[in-house]
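In what follows, a structure is listed as structure tokens, so that the remarks can point back to it.
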Amino acid sequence: MITITNDTLDTEVITDSVKRDSNGAVVIFLGATRDSTAERKVLRLEYEAYRPMADNQLARIADEVREQWGISDFAIAHRLGRLEIGDLSLVVAVASPHRKEAFEACAYAIDRIKQIVPIWKKEFFEGGEVWVGSQEDACVKQDGSVAVGGD
Amino acid sequence: MITITNDTLDTEVITDSVKRDSNGAVVIFLGATRDSTAERKVLRLEYEAYRPMADNQLARIADEVREQWGISDFAIAHRLGRLEIGDLSLVVAVASPHRKEAFEACAYAIDRIKQIVPIWKKEFFEGGEVWVGSQEDACVKQDGSVAVGGD
Amino acid sequence: MGYGGGVRLIVRVKLFASYKEKAGRADIKMSLSDGARVADAASELLRLHPSITEDASRLTIAVNEEYQEHDYPLSDNDEVAFIPPVSGG
Amino acid sequence: MGYGGGVRLIVRVKLFASYKEKAGRADIKMSLSDGARVADAASELLRLHPSITEDASRLTIAVNEEYQEHDYPLSDNDEVAFIPPVSGG
């Protein structure tokens, strides 16, 4: 189950999609919108994706997990659009007979999502906004107005 | 939140107990009753605990996680009694600002549960039953009747 | 300490899982000599119920709900739990 | 191949996130010389929109939704996406 959606992520549905009687272990990762980074208080986030390339890259990660751990009970759901603090942006669920493989595959998948999937996060904070991953582009206006990109 | 219970484990309630706006990562482990081990098909399980020592040992693990990772958004729930295939026996939920610590602490807690918490699992299978962890005690009756312990 | 057959202490033994099934009971009031240690309770258990295991020195034991070594001294009314290999999770 | 000003190829450039905001647009029809490679599209993008970044050689690019190196040859009508540092998760 590979999903990119503007809707709220339903952890239970995603988890149920990987459960099977032969699986003794399910490892689930929830990525949530934090209220702060190292530098500042965050008000909300916005996610944008390049589709369908992002979908294809997620499917590639599922293939890698299948090849490396023999695990096919695997799900990723990524949220797009506007997220408030506490909202889930990412759910990864991995089930396998034993827990070691499920932990490894889950951590691996998240690392890969942050490497190869064309999805971008914009943080909105008091007085500005910034596309994360390209912090040199931070556009904080001193007058407190929200920067709307551009030069 | 540390729970040992005969009731069905509610993943959502346990997960919600560790969520906070400052936590960007939640790692959840679900341990479920598998339908088979390396040797045979499993029909059901039964868990027994030495209480309140088991509760105290779980609280000790929570203390260790707090000391080692500074994480206090941590929950363990362990089921006791009769479990059918697919039922959850264990839920561990760990939340932290970043994912690395949550993954490490979750895997650590499970390892510790399997080392220091006085809880025992009995597997029931076709023709017998066995307390897991002391396989030398396996008591399989050749006539297919269920062994009820004793010598 | 000089009383005829020697002072005795009574500990409350608790058995679980495979040990409980092999012994056919969960609780034993065990009488030990004054100065007895965990190892003495373990030996006495295997004398009463030899099928539990062969080697008393390998038994894992909790006294009053804390794991203790075999040289740990017992007191009257201690709860002495014999802990089979755990298999929670 | 001998045609006056040279054969041209047209690629469909796509911009996202910070690049899109700096360029002020998401799509560009870009005309390149025949035989152009990814590096040529990158240079042309920075000529049109120098504020995107300083070093064209460090841009990450996908052609028809697959990541490609800068020496990858482009064809007419290719979709050339400029991928800012990703930050999903």
Side-chain angles (χ1 to χ4, degrees), chain A residues 4 29-34 37 45-61 76-80 83 88-92 106-107 109-123 129-139 146-151, chain D residues 11-30 37-39 41-70 72-75 77-89:
Chain A
I4 296 179
F29 174 80
L30 310 181
T33 303
R34 281 194 299 150
T37 65
L45 293 183
E46 223 167 271
Y47 282 91
E48 173 180 328
Y50 174 27
R51 303 188 70 176
M53 184 177 172
D55 306 70
N56 298 341
Q57 294 295 104
L58 291 179
R60 172 168 304 182
I61 293 169
I76 303 177
H78 203 299
R79 178 90 179 271
L80 296 183
L83 276 75
L88 295 182
S89 55
L90 175 66
V91 177
V92 179
C106 188
I110 301 162
D111 288 344
R112 292 293 278 163
I113 289 166
K114 290 171 181 288
Q115 285 167 4
I116 70 166
V117 181
I119 296 181
W120 301 274
K121 171 168 71 177
K122 191 183 213 175
E123 282 175 7
E129 58 189 59
V130 60
W131 284 102
V132 180
S134 50
Q135 257 76 353
E136 70 279 12
D137 302 327
C139 185
V146 173
V148 200
D151 307 342
Chain D
V11 297
R12 294 171 291 118
V13 167
K14 293 183 84 73
L15 302 177
F16 301 94
S18 59
Y19 296 173
K20 180 174 65 183
E21 291 188 352
K22 290 186 172 189
R25 51 182 176 162
D27 297 278
I28 305 173
K29 289 261 181 227
M30 183 181 281
R37 294 169 186 267
V38 160
S43 301
E44 176 64 4
L45 180 71
L46 294 199
R47 191 185 67 75
L48 294 169
H49 298 289
S51 69
I52 284 180
T53 192
E54 285 178 6
D55 186 354
S57 72
R58 302 185 65 173
L59 286 165
T60 297
I61 291 153
V63 178
N64 300 327
E65 309 208 342
E66 291 283 345
Y67 290 112
Q68 299 296 354
E69 301 296 330
H70 280 223
Y72 184 83
L74 295 172
S75 301
N77 202 37
D78 275 348
E79 181 170 295
V80 179
F82 289 83
I83 311 284
V86 302
S87 51

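Chain letters run A, B, ... following the sequence lines, proteins first, then strands; residues in each count from 1.
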>> Holding to side chain to side chain donor-acceptor pair (under 3.5 Å), I want the full list of residues that pass it with D:Q68, two or more places apart in sequence or in another chain.
In response: none

> Is chain D contacted by the side chain of A:R51, its backbone, both, or neither, given a heavy-atom distance below 4.5 Å?
Replying inline: backbone

> Do you know the tightest heavy-atom contact between D:I83 and A:W120?
Replying inline: CG2-CZ2, 3.7 Å

> Should A:K122 and D:E21 be marked as a side chain to side chain contact (heavy atoms under 4.5 Å, CB included) after you check the CA-CA gap, both sets of side-chain angles, and the distance that decides it?
Replying inline: CA-CA 12 Å; A:K122 191 183 213 175; D:E21 291 188 352; 2.4 Å; yes

> Do the side chains of D:P84 and A:W131 get nearer than 4.5 Å, heavy atoms only?
Replying inline: no

>> Could you measure the distance from the OG atom of D:S18 to the CD atom of A:E129? Nearest 0.5 Å is fine.
In response: 11.5 Å

> With sequence neighbours left out, which residue pairs that include part of residues 79-89 of chain D fulfil the side chain to side chain donor-acceptor pair (under 3.5 Å) condition?
Replying inline: A:Y50-D:E79, D:R12-D:E79

>> To check you understand the geometry: which heavy-atom pair defines the closest contact between A:G133 and D:P85, and what is its length?
In response: O-CB, 2.8 Å

>> Checking an interface table here. Which of residues 54-61 of chain A come within a heavy-atom distance under 4.5 Å of chain D?
In response: A:N56, A:Q57, A:R60

> In residues 56-66 of chain D, which residues are in contact with chain A at a heavy-atom separation under 4.5 Å?
Replying inline: D:A62, D:E65, D:E66

> How close do A:Y47 and D:G88 get, heavy atom to heavy atom, and via which atoms?
Replying inline: CE2-CA, 4.3 Å

>> Counting heavy-atom pairs closer than 4.5 Å to chain D, which one of A:I76, A:V92, A:V117, A:I110 comes out on top?
In response: A:V117

